[in-house]
Amino acid sequence: MDYDASTYGERIADVYDELYGTLFDTQGAVEFLAALAEGRKALELGIGTGRIALPLAQRGVEVHGLDASEAMVERMRAKPGGTDIPVTMGDFANVGVEGKFSLVYIPFNTFFALLSQEDQVRCFRNVSPRLESDGAFVIEAFVPDLARFHDHQRVGVERLGDEVVQLEASQHDPVNQRVTSYHVFLADGEDVRLYPVQIRYAWPSELDLMAQLAGLRLRERWGSWRRDEFTSASNTHISVYEP
């Protein structure tokens, strides 16, 4: 399968909000990010359908976006306020935007859509010169849990609804820290729908090292957008890096 930076968004855009729109703590994320931005310029890497960008802009933050998927951005444009947010199209590892920002952020594991360690390091290095001297780079990501896989594979039920079944089928490459998956939708009377996703996960300590290589350092790390303590039991983290 040909898979590039735009594939996930192009394939899943029509159902993305239906699947994920209410799954996460959007309000907590907006409160957290608005406090960091302080009404100044912010850049979202992987802006997608505007789940976070639109309410953040309503809080008075001048939000800019970057995304590789035209289909995802079109969904945002169709929402109230969606046409007011400037978006640059491209691979967010390059951070191909002009100017400085008080806040650069990348939510919902989107950083792991960069499929090599080299691209992930490049993203950190390209974010660094885009930050104001008192700026922050925020990453929301899961903590890898290799126990999810048996013989480096996983098939699981994600959703059981009224005549609808959603499955996840994944293969794990532990050497390259890569996971290749399909979200599989089975609905009565409909064709099977397949949504591909590929990620390259990284441990929090690995992200911290990437930050150091880019001239950044960890300011704080939380277990949620609500600033719950990050512990060995946390399955996600909000990491804030600064110059």
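Note: hydrogens, waters and symmetry copies are ignored here, and every other heavy atom, side chains too, is used.
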Is it the case that the side chains of [Y] and [X] hold a donor-acceptor pair, with the cut-off being a distance below 3.5 Å and no angle test?
X	Y	result
T83	R77	no
D208	S205	no
Q177	Q117	no
E158	H183	yes
D67	S69	no
E118	S116	no
W225	Q27	no
Q198	R178	yes
Q171	Q153	no
R11	Y3	no

Return yes if some donor-acceptor pair links the side-chain N/O of [X] with the main-chain N/O of [Y] below 3.5 Å, else return no.
X	Y	value
R159	L167	no
Q120	L114	yes
D17	T49	no
N126	R122	yes
D91	A93	yes
E10	E70	yes
D25	G28	yes
S102	K41	yes

Is there side-chain contact between [X] and [Y], with heavy atoms separated by less than 4.5 Å?
X	Y	result
T110	L45	no
I238	S224	no
F142	F108	no

Validation row, ring centre F185 to ring centre Y195 under 6.0 Å: yes
Would you say the ring centers of F230 and W222 fall short of 6.0 Å from each other? no
After noting the C-alpha distance and the side-chain angles of D173 and N176, does the key distance pass the side-chain hydrogen bond (donor to acceptor under 3.5 Å, both in side chains) rule? CA-CA 6 Å; D173 174 1; N176 295 299; 2.8 Å; yes
Just how far is it from atom [atom1] of [X] to atom [atom2] of [Y], taken to the nearest 0.5 Å?
X	Y	atom1	atom2	value
L43	E62	CG	CD	11.0 Å
N94	R125	CG	CZ	14.0 Å
L66	I47	CG	CD1	9.0 Å
I52	E44	CD1	CD	5.5 Å
E220	Y241	CD	OH	11.5 Å
E229	S234	CD	OG	7.5 Å

Between K79 and L54, does the side chain to side chain contact (heavy atoms under 4.5 Å, CB included) criterion hold? Intermediate values first, please. CA-CA 9 Å; K79 299 176 182 179; L54 291 173; 3.7 Å; yes
Would you say F24 and F112 are hydrophobically clustered, going by side-chain heavy atoms of ILVMFWY under 4.5 Å? yes
Using the rule that Ile, Leu, Val, Met, Phe, Trp and Tyr join whenever any side-chain heavy atoms are under 4.5 Å apart, tell me whether V197 and L146 fall into a single cluster. yes
Pi-cation contact, F149 with R154 (under 6.0 Å, within 45°): no
Would you say CG of D145 has more than 12 non-hydrogen atoms from neighbouring residues, nucleotides or ligands within 6.0 angstrom? yes
Looking at E31 and R59, is any side-chain nitrogen of the basic one under 4.0 Å from a carboxylate oxygen of the acidic one? yes
Pair R193, Y182 - check side-chain hydrogen bond (donor to acceptor under 3.5 Å, both in side chains), show working. CA-CA 10 Å; R193 291 179 290 164; Y182 271 100; over 6 Å; no
According to the interplanar angle, ranging from 0 to 90°, do the rings of F137 and F111 count as parallel (below 30°), tilted (30 to 60°) or perpendicular (above 60°)? perpendicular
Could you walk me through whether K100 and E132 pass salt bridge (Lys or Arg N to Asp or Glu O under 4.0 Å), step by step? CA-CA 6 Å; K100 296 269 191 176; E132 299 282 2; over 6 Å; no
